[in-house]
Asker: 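Would you mind keeping the following structure in view while I ask a few things?
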Amino acid sequence: MKTNRNVFLLAFVAFVLSLILTSCAGAEHETTAEVRVVGTAAESASRSVSAAAEFASAEIIVDDRNITDDLKPVSYSTSGSTNDVEFHADVPVLGNTVSYSVEPKPGFVFDEWEFSRDARSRIRREHGQNWMNVMREIMMAIAGDPETIEINPDYIRYIRPTFDRGAYFDASHTTVSDGNADIGTKANPISNTKDLATFILKYSDDRFDDDELTIKFTSSSVGALDFSQIHSGTEHRYWDDEREIELKLIGGYNSKWNYSGDRTPVTGITLPDLKGFEEIEIEFRNIHFDNLDYSVLVGDYRSGDDDREFEFRNCSVGTLSNARFVNGLIVETATGDKSTTFVNSVAQYDANDTYIHSIITDYESGEIRGVNNIVVYADNDKPSSVEKQADGSNYYIPSDVYENSFGLNRYKTSDQSLIDELTTATALYEDVFDDDNHSYGNIEIDDDMIEEDIVGRERYLIDDDGHYWDTPTVSYGPYEYKWFDD
């Protein structure tokens, strides 16, 4: 009887537990999602942002509800730019995860999901030892910057969708230009570079203090990017209030405008005549250049023309020529007689070149100028110089391990055991490249370039107040695996 009673009690407990678990499984989380977005404010006076300003960049949908009209500017003033304004809304939601979508309006594009400036410190403070799991969950939700994500509503407060003025470009599309269709939208993207230049001029004319235009490309081959039509004359006026060109060119999207993982092929680039311009800034992201003459971008460095700024993220080059300084590029072949400094890049070994936080391929022997690199040598043929130089300045890896572990992007591995070894590099001092008297060659590098990796992730630098006993390590190579607080 005792045994039967125990069996009955166990069965009863199991039944009660099943009811509790079934009830819990059906319960949905009710909370308030703290939504923040960054874009353009619409005002009757184009130079002002007031409490009545409306969010003009996109429709924002949370949990199948359009909350665009609920968005209010976080801060505002009667003067200043109407761009990069932060808006806020508190949205009641129900569910353990919710859908969060953005629909850019004509003349705008969605740029990326970004963490708020205090996100990492807040996540650490609010989630304690579980903060890394929260970070991973968020990063998995926003990976590739899709325009619709599924996310825990409690995590929405840590991220912000950001928008720029701009257009979508699909070389395989036939653009409708009957006067009634909005050109440059996802539904009617631009399909040739001539129309692209026209669009850029149209949206720059008569605008006040605008930030850069962003152009999103599908992964179809673009051909040559020709911006020669853009200049500062009276016929084609480009932002003549400041005479600055600021463009962001982002490739690698599929037909539904989700990031495909590919790079958009570009055969070459032609820039406008810079006479009359004070500055030109172009960011390239997820682009592959068949051939790139770097001197076309940067001009003649001896002339003192330093008003050109080019940033590369996840970009590659088939043949690179005439480059003195390269940041954030995967280079298949480099030509020319210049000594080149590679930062956050992948490039073949050359004894005359300098490498900082890069991957050096095809190494056989010789001195390596630089620090915190991943050096790839031939299988079963470990150079004797490796033994001499393996002092913590660089990390050496055989080519078969590199080919098997780093995949198509060529700069990142998911092998956790390898990552554990790669994240032991010594952090650099922020002013180590400020003069010509250091051990890495006679070069000068802006510390902002060292502080970001090949995809724009943060890397730790030691400032003037840093001490060796509280200095964290960073990652060898161009990709920073660790996360650091702002």
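Only this structure's heavy atoms are used, side chains among them; waters, hydrogens and symmetry mates stay out.
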Asker: Working note: F342 + Y355, criterion ring pair (Phe, Tyr, Trp, His ring centres under 6.0 Å); need CA distance, chi angles, decisive distance, verdict.
Answerer: CA-CA 5 Å; F342 292 96; Y355 307 87; 5.6 Å; yes
Asker: In terms of side-chain heavy atoms, does Y349 have a donor or acceptor partner in E364 at a distance below 3.5 Å?
Answerer: no
Asker: With sequence neighbours excluded, what pairs up with D195 under the side-chain hydrogen bond (donor to acceptor under 3.5 Å, both in side chains) test?
Answerer: N192
Asker: Would you mind checking if E112 and K248 are paired as a salt bridge, meaning a charged N to carboxylate O distance below 4.0 Å?
Answerer: no
Asker: Do other residues, nucleotides or ligands put more than 12 heavy atoms under 6.0 Å from K186 NZ?
Answerer: yes
Asker: Under the side-chain hydrogen bond (donor to acceptor under 3.5 Å, both in side chains) rule, collect the residues that match up with N314, sequence neighbours excluded.
Answerer: Y259, R263, N286, Y411
Asker: Got a donor-acceptor contact below 3.5 angstrom from the T319 side chain to the T333 backbone?
Answerer: no
Asker: Does R122 count as lying over the ring of Y158, i.e. NZ or CZ under 6.0 Å from the six-ring centre, within 45 degrees of the axis?
Answerer: no
Asker: Would you check if there is a donor-acceptor pair between the side chains of D226 and T193 at a distance under 3.5 Å?
Answerer: no
Asker: If you count every heavy atom of other residues, nucleotides or ligands that lies below 6.0 Å from Q416 atom CD, does the total exceed 12?
Answerer: yes
Asker: Got a donor-acceptor contact below 3.5 angstrom from the T175 side chain to the S191 backbone?
Answerer: yes
Asker: Between the side chains of R457 and E480, is the shortest nitrogen-to-carboxylate-oxygen separation below 4.0 Å, so that they form an ion pair?
Answerer: no
Asker: Has N352 got a side-chain atom pairing as donor or acceptor with S339's backbone, closer than 3.5 angstrom?
Answerer: no
Asker: Does F289 form a ring pair (Phe, Tyr, Trp, His ring centres under 6.0 Å) with F284? I'd like the steps, not just the answer.
Answerer: CA-CA 10 Å; F289 298 90; F284 300 96; 5.3 Å; yes
Asker: Can you tell which of R285, K216, R165 makes a salt bridge (Lys or Arg N to Asp or Glu O under 4.0 Å) with D111?
Answerer: R285
Asker: Holding to side-chain hydrogen bond (donor to acceptor under 3.5 Å, both in side chains), I want the full list of residues that pass it with Y481, two or more places apart in sequence or in another chain.
Answerer: none
Asker: Nearest 0.5 Å please: distance from the OG1 atom of T473 over to the CG atom of L422.
Answerer: 11.0 Å
